[in-house]
Protein chains: 2
Amino acid sequence: MAESAADGPETDDGRPHLAAMTVPLGRALIAAELPVLRAHGLSMWAYAVLLALGEEPMRSQSTLAQAIGADKTRIIGVLDGLQDRGLIERRPDPRDRRVRLLLLTTEGRRLRDAARADIRRWEDRLLARLADDDREAFLRGLRTLSALSEQEIADPDRPS
Amino acid sequence: MAESAADGPETDDGRPHLAAMTVPLGRALIAAELPVLRAHGLSMWAYAVLLALGEEPMRSQSTLAQAIGADKTRIIGVLDGLQDRGLIERRPDPRDRRVRLLLLTTEGRRLRDAARADIRRWEDRLLARLADDDREAFLRGLRTLSALSEQEIADPDRPS
DNA sequence: CCGGATGATATGCATATGCTTATCATCTGT
DNA sequence: ACAGATGATAAGCATATGCATATCATCCGG
(Lines give C-alpha, C1' and ligand atoms only; values in the text may rest on other atoms or scores of the structure.)
Protein backbone atom coordinates (compact mmCIF):
# COMPACT_ATOMS: atom_id res chain seq x y z
CA MET A 1 0.00 0.00 0.00
CA ALA A 2 1.41 3.38 -0.95
CA GLU A 3 3.38 5.25 1.66
CA SER A 4 1.96 8.56 0.50
CA ALA A 5 -1.21 8.04 -1.44
CA ALA A 6 -1.93 11.63 -2.39
CA ASP A 7 0.46 11.48 -5.32
CA GLY A 8 0.32 7.71 -5.59
CA PRO A 9 -2.07 5.21 -7.15
CA GLU A 10 -5.49 6.75 -7.65
CA THR A 11 -8.95 5.86 -8.75
CA ASP A 12 -10.85 7.30 -11.71
CA ASP A 13 -11.61 10.67 -10.17
CA GLY A 14 -8.12 11.06 -8.86
CA ARG A 15 -8.92 10.09 -5.29
CA PRO A 16 -6.82 7.28 -3.87
CA HIS A 17 -8.62 4.33 -2.30
CA LEU A 18 -9.62 4.70 1.32
CA ALA A 19 -7.30 1.91 2.41
CA ALA A 20 -4.44 3.37 0.38
CA MET A 21 -4.68 6.56 2.42
CA THR A 22 -5.68 5.14 5.78
CA VAL A 23 -3.18 2.30 6.18
CA PRO A 24 0.02 4.30 5.61
CA LEU A 25 -1.39 7.18 7.65
CA GLY A 26 -2.04 4.79 10.53
CA ARG A 27 1.46 3.46 10.25
CA ALA A 28 2.93 6.98 10.28
CA LEU A 29 0.80 7.96 13.29
CA ILE A 30 2.09 4.94 15.18
CA ALA A 31 5.64 5.75 14.18
CA ALA A 32 5.19 9.30 15.49
CA GLU A 33 3.61 8.13 18.76
CA LEU A 34 6.27 5.58 19.61
CA PRO A 35 9.01 7.99 20.64
CA VAL A 36 6.54 9.98 22.73
CA LEU A 37 5.47 6.82 24.53
CA ARG A 38 9.03 5.60 24.82
CA ALA A 39 9.91 8.88 26.54
CA HIS A 40 7.37 7.84 29.17
CA GLY A 41 8.81 4.34 29.32
CA LEU A 42 5.78 2.77 27.65
CA SER A 43 5.29 0.40 24.74
CA MET A 44 2.28 0.78 22.50
CA TRP A 45 0.55 -2.20 24.08
CA ALA A 46 1.34 -1.01 27.62
CA TYR A 47 -0.16 2.40 26.81
CA ALA A 48 -3.21 0.76 25.25
CA VAL A 49 -3.72 -1.13 28.50
CA LEU A 50 -3.43 2.01 30.64
CA LEU A 51 -5.87 3.86 28.38
CA ALA A 52 -8.36 1.02 28.54
CA LEU A 53 -8.50 0.91 32.33
CA GLY A 54 -11.06 3.33 33.66
CA GLU A 55 -12.22 4.41 37.08
CA GLU A 56 -13.87 1.07 37.80
CA PRO A 57 -11.83 -2.14 37.97
CA MET A 58 -11.97 -3.97 34.67
CA ARG A 59 -13.30 -7.44 35.11
CA SER A 60 -11.13 -10.01 33.37
CA GLN A 61 -8.08 -10.01 31.23
CA SER A 62 -10.08 -11.49 28.37
CA THR A 63 -12.31 -8.44 28.37
CA LEU A 64 -9.28 -6.17 28.37
CA ALA A 65 -7.62 -8.05 25.52
CA GLN A 66 -10.78 -7.79 23.47
CA ALA A 67 -11.16 -4.09 24.24
CA ILE A 68 -7.67 -3.27 23.00
CA GLY A 69 -7.64 -5.68 20.08
CA ALA A 70 -4.92 -7.93 21.45
CA ASP A 71 -4.58 -11.68 21.71
CA LYS A 72 -5.18 -12.62 25.35
CA THR A 73 -2.14 -14.88 25.39
CA ARG A 74 0.00 -11.95 24.36
CA ILE A 75 -0.97 -9.44 26.98
CA ILE A 76 0.19 -11.63 29.86
CA GLY A 77 3.72 -10.26 29.67
CA VAL A 78 2.54 -6.68 29.16
CA LEU A 79 0.41 -6.92 32.32
CA ASP A 80 3.30 -8.54 34.19
CA GLY A 81 5.53 -5.60 33.33
CA LEU A 82 2.94 -2.98 34.25
CA GLN A 83 2.19 -4.75 37.53
CA ASP A 84 5.89 -5.10 38.38
CA ARG A 85 6.29 -1.35 37.88
CA GLY A 86 3.37 -0.59 40.17
CA LEU A 87 1.30 0.94 37.36
CA ILE A 88 -1.59 -1.51 37.58
CA GLU A 89 -2.96 -3.89 40.12
CA ARG A 90 -4.32 -7.38 39.49
CA ARG A 91 -6.67 -8.86 42.07
CA PRO A 92 -8.59 -12.14 41.98
CA ASP A 93 -12.30 -11.44 41.80
CA PRO A 94 -13.76 -12.71 45.11
CA ARG A 95 -16.86 -13.76 43.20
CA ASP A 96 -14.90 -15.94 40.80
CA ARG A 97 -11.31 -16.64 41.62
CA ARG A 98 -10.41 -17.53 38.03
CA VAL A 99 -11.02 -13.91 37.01
CA ARG A 100 -8.60 -11.04 37.54
CA LEU A 101 -9.80 -7.54 38.34
CA LEU A 102 -7.55 -4.91 36.81
CA LEU A 103 -7.09 -1.39 38.15
CA LEU A 104 -4.84 1.54 37.53
CA THR A 105 -2.74 2.58 40.48
CA THR A 106 -2.19 6.25 41.32
CA GLU A 107 1.18 6.01 39.64
CA GLY A 108 -0.36 4.38 36.59
CA ARG A 109 -3.01 7.06 36.32
CA ARG A 110 -0.37 9.77 36.60
CA LEU A 111 1.78 8.20 33.86
CA ARG A 112 -1.22 7.58 31.58
CA ASP A 113 -2.35 11.20 31.96
CA ALA A 114 1.11 12.55 31.24
CA ALA A 115 1.53 10.42 28.13
CA ARG A 116 -1.96 11.19 26.95
CA ALA A 117 -1.41 14.93 27.32
CA ASP A 118 1.76 14.74 25.22
CA ILE A 119 0.07 12.68 22.53
CA ARG A 120 -2.82 15.14 22.44
CA ARG A 121 -0.49 18.11 22.11
CA TRP A 122 1.19 16.49 19.12
CA GLU A 123 -2.20 15.58 17.63
CA ASP A 124 -3.47 19.14 17.99
CA ARG A 125 -0.42 20.42 16.13
CA LEU A 126 -0.93 17.84 13.40
CA LEU A 127 -4.64 18.60 13.06
CA ALA A 128 -3.79 22.29 12.79
CA ARG A 129 -2.73 21.36 9.27
CA LEU A 130 -6.41 21.02 8.39
CA ALA A 131 -8.79 23.93 7.81
CA ASP A 132 -10.95 24.57 10.89
CA ASP A 133 -14.15 23.43 9.20
CA ASP A 134 -12.51 20.33 7.79
CA ARG A 135 -10.96 19.34 11.09
CA GLU A 136 -14.19 18.82 12.99
CA ALA A 137 -15.83 17.06 10.07
CA PHE A 138 -12.77 14.90 9.52
CA LEU A 139 -12.84 13.80 13.16
CA ARG A 140 -16.58 13.14 13.01
CA GLY A 141 -16.08 11.05 9.89
CA LEU A 142 -13.19 9.16 11.41
CA ARG A 143 -15.18 8.45 14.57
CA THR A 144 -18.19 7.29 12.58
CA LEU A 145 -16.23 4.92 10.38
CA SER A 146 -13.99 3.57 13.13
CA ALA A 147 -17.05 2.83 15.27
CA LEU A 148 -18.39 0.47 12.63
CA SER A 149 -17.90 -3.25 13.10
CA GLU A 150 -15.95 -5.27 10.56
CA GLN A 151 -19.25 -6.62 9.27
CA GLU A 152 -20.70 -3.14 8.79
CA ILE A 153 -17.59 -2.07 6.92
CA ALA A 154 -17.61 -5.14 4.71
CA ASP A 155 -21.32 -4.76 3.97
CA PRO A 156 -22.19 -1.10 4.54
CA ASP A 157 -25.83 -1.30 3.50
CA ARG A 158 -26.86 -3.53 6.37
CA PRO A 159 -28.48 -1.64 9.23
CA SER A 160 -26.39 -1.37 12.34
CA MET B 1 -4.72 -0.72 19.52
CA ALA B 2 -8.46 -0.82 20.02
CA GLU B 3 -10.53 -2.61 17.41
CA SER B 4 -13.34 -0.12 17.74
CA ALA B 5 -12.10 3.07 19.29
CA ALA B 6 -15.40 4.92 19.43
CA ASP B 7 -16.35 3.19 22.66
CA GLY B 8 -12.80 2.25 23.58
CA PRO B 9 -9.90 4.07 25.19
CA GLU B 10 -10.36 7.81 24.94
CA THR B 11 -8.55 10.99 25.69
CA ASP B 12 -9.69 13.72 28.07
CA ASP B 13 -12.42 15.15 25.88
CA GLY B 14 -13.73 11.74 25.01
CA ARG B 15 -12.12 11.55 21.59
CA PRO B 16 -9.95 8.50 20.99
CA HIS B 17 -6.39 9.05 19.77
CA LEU B 18 -5.98 9.45 16.03
CA ALA B 19 -3.93 6.26 15.78
CA ALA B 20 -6.46 4.36 17.87
CA MET B 21 -9.12 5.14 15.28
CA THR B 22 -7.03 5.06 12.13
CA VAL B 23 -5.09 1.82 12.57
CA PRO B 24 -8.05 -0.52 13.20
CA LEU B 25 -10.05 1.28 10.50
CA GLY B 26 -7.21 0.67 8.04
CA ARG B 27 -7.12 -2.97 9.01
CA ALA B 28 -10.88 -3.32 8.54
CA LEU B 29 -10.73 -1.59 5.15
CA ILE B 30 -8.04 -4.02 4.04
CA ALA B 31 -10.04 -6.95 5.33
CA ALA B 32 -13.06 -5.74 3.35
CA GLU B 33 -11.05 -5.18 0.18
CA LEU B 34 -9.37 -8.57 0.17
CA PRO B 35 -12.36 -10.64 -0.93
CA VAL B 36 -13.17 -8.11 -3.65
CA LEU B 37 -9.63 -8.34 -4.97
CA ARG B 38 -9.58 -12.10 -4.56
CA ALA B 39 -12.70 -12.29 -6.74
CA HIS B 40 -10.57 -10.68 -9.42
CA GLY B 41 -7.72 -13.07 -8.75
CA LEU B 42 -5.52 -10.37 -7.25
CA SER B 43 -3.52 -10.07 -4.05
CA MET B 44 -3.24 -6.74 -2.32
CA TRP B 45 0.32 -6.25 -3.56
CA ALA B 46 -0.58 -7.28 -7.12
CA TYR B 47 -3.41 -4.74 -7.14
CA ALA B 48 -1.13 -2.06 -5.73
CA VAL B 49 1.25 -2.71 -8.62
CA LEU B 50 -1.51 -2.48 -11.24
CA LEU B 51 -2.77 0.76 -9.69
CA ALA B 52 0.70 2.26 -9.67
CA LEU B 53 1.34 1.66 -13.36
CA GLY B 54 0.04 4.51 -15.44
CA GLU B 55 -0.13 5.28 -19.11
CA GLU B 56 3.62 5.74 -19.42
CA PRO B 57 6.02 2.89 -18.74
CA MET B 58 7.35 3.08 -15.21
CA ARG B 59 11.08 3.26 -15.17
CA SER B 60 12.58 0.78 -12.75
CA GLN B 61 11.32 -1.69 -10.25
CA SER B 62 12.99 0.29 -7.47
CA THR B 63 10.81 3.27 -8.31
CA LEU B 64 7.72 1.08 -8.31
CA ALA B 65 8.58 -0.52 -4.98
CA GLN B 66 9.05 2.91 -3.44
CA ALA B 67 5.80 4.19 -4.92
CA ILE B 68 3.76 1.39 -3.39
CA GLY B 69 5.63 1.20 -0.11
CA ALA B 70 7.06 -2.26 -0.67
CA ASP B 71 10.52 -3.70 -0.22
CA LYS B 72 12.07 -4.11 -3.67
CA THR B 73 13.25 -7.62 -2.87
CA ARG B 74 9.68 -8.58 -2.10
CA ILE B 75 7.97 -7.44 -5.25
CA ILE B 76 10.04 -9.69 -7.51
CA GLY B 77 7.62 -12.57 -7.11
CA VAL B 78 4.56 -10.33 -7.42
CA LEU B 79 5.88 -8.97 -10.73
CA ASP B 80 6.72 -12.50 -11.89
CA GLY B 81 3.15 -13.58 -11.29
CA LEU B 82 1.63 -10.55 -13.02
CA GLN B 83 3.96 -10.96 -15.98
CA ASP B 84 3.24 -14.69 -16.25
CA ARG B 85 -0.46 -13.90 -16.40
CA GLY B 86 0.05 -11.34 -19.15
CA LEU B 87 -1.10 -8.43 -16.97
CA ILE B 88 2.14 -6.47 -17.10
CA GLU B 89 5.14 -6.33 -19.33
CA ARG B 90 8.75 -5.97 -18.28
CA ARG B 91 11.23 -4.65 -20.82
CA PRO B 92 14.91 -3.79 -20.41
CA ASP B 93 15.40 -0.06 -20.84
CA PRO B 94 17.51 0.34 -24.02
CA ARG B 95 19.22 3.30 -22.37
CA ASP B 96 20.31 1.23 -19.37
CA ARG B 97 19.91 -2.50 -19.58
CA ARG B 98 19.98 -2.95 -15.81
CA VAL B 99 16.67 -1.12 -15.56
CA ARG B 100 13.28 -2.65 -16.30
CA LEU B 101 10.49 -0.64 -17.87
CA LEU B 102 7.10 -1.71 -16.55
CA LEU B 103 3.84 -1.37 -18.41
CA LEU B 104 0.29 -2.53 -18.05
CA THR B 105 -0.96 -4.75 -20.83
CA THR B 106 -4.46 -4.35 -22.24
CA GLU B 107 -5.52 -7.29 -20.10
CA GLY B 108 -3.89 -5.75 -17.05
CA ARG B 109 -5.63 -2.44 -17.61
CA ARG B 110 -8.97 -4.19 -18.01
CA LEU B 111 -8.52 -6.16 -14.79
CA ARG B 112 -7.30 -3.11 -12.87
CA ASP B 113 -10.29 -1.07 -14.05
CA ALA B 114 -12.75 -3.81 -13.13
CA ALA B 115 -11.28 -4.26 -9.65
CA ARG B 116 -11.07 -0.53 -9.10
CA ALA B 117 -14.71 -0.04 -10.08
CA ASP B 118 -15.80 -2.71 -7.58
CA ILE B 119 -13.69 -1.22 -4.80
CA ARG B 120 -15.11 2.22 -5.53
CA ARG B 121 -18.68 0.94 -5.44
CA TRP B 122 -18.08 -0.55 -2.03
CA GLU B 123 -16.34 2.63 -0.86
CA ASP B 124 -19.25 4.79 -2.02
CA ARG B 125 -21.66 2.63 -0.03
CA LEU B 126 -19.43 2.86 3.02
CA LEU B 127 -19.02 6.63 2.72
CA ALA B 128 -22.79 6.95 2.42
CA ARG B 129 -22.73 6.32 6.17
CA LEU B 130 -21.36 9.84 6.60
CA ALA B 131 -23.42 13.00 6.33
CA ASP B 132 -22.96 14.68 2.93
CA ASP B 133 -21.11 17.67 4.38
CA ASP B 134 -18.87 15.49 6.50
CA ARG B 135 -17.99 13.13 3.68
CA GLU B 136 -16.24 15.69 1.49
CA ALA B 137 -14.45 17.26 4.43
CA PHE B 138 -13.46 13.87 5.77
CA LEU B 139 -11.91 12.94 2.42
CA ARG B 140 -10.14 16.30 2.18
CA GLY B 141 -8.75 15.79 5.67
CA LEU B 142 -7.69 12.26 4.93
CA ARG B 143 -5.99 13.32 1.71
CA THR B 144 -4.20 16.19 3.44
CA LEU B 145 -2.88 14.08 6.28
CA SER B 146 -1.95 11.08 4.15
CA ALA B 147 -0.01 13.34 1.78
CA LEU B 148 2.29 14.40 4.62
CA SER B 149 5.69 12.77 4.90
CA GLU B 150 6.62 10.82 8.01
CA GLN B 151 8.78 13.77 9.06
CA GLU B 152 5.90 16.24 8.69
CA ILE B 153 3.66 13.95 10.74
CA ALA B 154 6.25 13.51 13.46
CA ASP B 155 6.97 17.23 13.63
CA PRO B 156 3.87 18.99 12.26
CA ASP B 157 5.06 22.56 12.83
CA ARG B 158 7.87 22.35 10.31
CA PRO B 159 6.98 23.95 6.99
CA SER B 160 6.52 21.47 4.19
C1' DC C 1 -20.64 -35.41 42.88
C1' DC C 2 -19.12 -34.79 38.35
C1' DG C 3 -18.58 -33.43 33.49
C1' DG C 4 -18.06 -29.52 30.74
C1' DA C 5 -16.75 -24.85 30.35
C1' DT C 6 -13.96 -20.84 31.35
C1' DG C 7 -9.94 -17.62 32.85
C1' DA C 8 -5.13 -17.36 33.05
C1' DT C 9 -0.88 -18.87 31.48
C1' DA C 10 2.64 -21.27 28.70
C1' DT C 11 4.28 -22.95 24.43
C1' DG C 12 4.63 -23.20 19.66
C1' DC C 13 3.54 -23.06 14.49
C1' DA C 14 2.68 -20.38 10.34
C1' DT C 15 2.73 -16.12 7.98
C1' DA C 16 4.09 -11.48 6.81
C1' DT C 17 7.32 -7.97 6.94
C1' DG C 18 11.59 -5.15 7.58
C1' DC C 19 16.02 -5.45 6.67
C1' DT C 20 20.62 -7.34 5.44
C1' DT C 21 24.02 -9.67 2.64
C1' DA C 22 25.51 -11.53 -1.65
C1' DT C 23 25.86 -12.21 -6.71
C1' DC C 24 25.68 -10.89 -11.50
C1' DA C 25 25.05 -7.66 -15.23
C1' DT C 26 25.46 -3.11 -16.35
C1' DC C 27 26.70 1.74 -16.15
C1' DT C 28 29.54 5.84 -15.10
C1' DG C 29 33.27 8.83 -13.88
C1' DT C 30 38.13 9.26 -13.60
C1' DA D 1 40.82 0.39 -18.49
C1' DC D 2 39.02 0.08 -14.13
C1' DA D 3 36.96 0.93 -9.56
C1' DG D 4 32.74 2.00 -7.55
C1' DA D 5 27.88 2.21 -7.82
C1' DT D 6 23.35 0.60 -9.17
C1' DG D 7 19.23 -2.51 -10.70
C1' DA D 8 17.49 -6.97 -10.32
C1' DT D 9 17.38 -11.11 -7.97
C1' DA D 10 18.12 -14.70 -4.39
C1' DA D 11 18.57 -16.12 0.23
C1' DG D 12 18.10 -15.54 4.95
C1' DC D 13 17.61 -13.52 9.82
C1' DA D 14 14.84 -11.16 13.31
C1' DT D 15 10.53 -9.53 14.89
C1' DA D 16 5.59 -9.24 15.37
C1' DT D 17 1.27 -11.24 15.04
C1' DG D 18 -2.70 -14.53 14.47
C1' DC D 19 -4.01 -18.60 15.99
C1' DA D 20 -3.91 -23.24 18.03
C1' DT D 21 -3.06 -26.57 21.71
C1' DA D 22 -2.33 -27.78 26.43
C1' DT D 23 -2.43 -27.40 31.55
C1' DC D 24 -4.20 -25.99 35.95
C1' DA D 25 -7.50 -23.77 38.95
C1' DT D 26 -12.07 -22.63 39.35
C1' DC D 27 -16.99 -22.39 38.47
C1' DC D 28 -21.65 -24.04 37.26
C1' DG D 29 -25.59 -26.84 35.94
C1' DG D 30 -27.59 -31.24 36.10
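To find a chain, count down the sequence lines: A is the first, B the second, and so on, and within it residues start at 1. Basis for what follows: all heavy atoms, side chains included, without hydrogens, waters or symmetry-related copies.
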Taking atom C1' of D:dG7 as reference, at what distance in whole Å does atom CG of B:Leu64 sit?
-> 13 Å
Among the candidates C:dA8, D:dT9, D:dG7, find the nucleotide nearest to the side-chain atoms of B:Ile76.
-> D:dT9
Under the salt bridge (Lys or Arg N to Asp or Glu O under 4.0 Å) test, residues paired with A:Asp132 that sit two or more places apart = A:Arg135
What pairs of residues pass the ring pair (Phe, Tyr, Trp, His ring centres under 6.0 Å) test when at least one of them lies in residues 115-140 of chain A, not counting sequence neighbours?
-> A:Phe138-B:Phe138
For D:dT9, take OP1 and OP2 only and decide whether either is under 4.0 Å from a side-chain N or O of B:Arg90.
-> yes
Salt bridge (Lys or Arg N to Asp or Glu O under 4.0 Å) against B:Arg85, all qualifying residues, sequence neighbours excluded = none
For nucleotides 19-30 of chain C, read 5' to 3', which letter fits each nucleotide if B means a protein heavy atom sits under 4.0 Å from the base, S means only the sugar-phosphate is that close, and - means neither?
-> BB----BBS---
Under the side-chain hydrogen bond (donor to acceptor under 3.5 Å, both in side chains) test, which residues partner B:Arg125, sequence neighbours left out?
-> A:Asp155, A:Asp157
Separation of atom CG in B:Leu34 from atom P in C:dA16, rounded to whole Å | 11 Å
Can you tell me the distance, in whole Å, between the CD1 atom of B:Ile75 and the C1' atom of C:dG18?
-> 15 Å
Does the pair B:Asp124/B:Arg121 count as a salt bridge with the N-to-O cut at 4.0 Å?
-> no
Partners of A:Asp96 by salt bridge (Lys or Arg N to Asp or Glu O under 4.0 Å), sequence neighbours excluded?
-> A:Arg98
Provide, to the nearest angstrom, the distance between the CD atom belonging to A:Gln61 and the P atom belonging to C:dA10.
-> 10 Å
Rounded to the nearest angstrom, tell me the gap between atom CZ in A:Arg27 and atom C1' in D:dA16.
-> 13 Å
For the pair made of CG in A:Leu79 and C1' in C:dG7, what is the distance, rounded to whole Å?
-> 13 Å
What is the distance, rounded to the nearest whole Å, between atom CD of B:Gln66 and atom C1' of D:dG7?
-> 13 Å
Does A:Trp45 make a side-chain N or O approach to OP1 or OP2 of D:dT17 shorter than 4.0 Å?
-> yes
Tell me: CG of B:Leu101 to P of D:dG7, nearest whole Å?
-> 13 Å
Under a single-linkage definition using a 4.5 Å side-chain heavy-atom cutoff for Ile, Leu, Val, Met, Phe, Trp and Tyr, are B:Met44 and B:Ile68 assigned to the same hydrophobic cluster?
-> yes
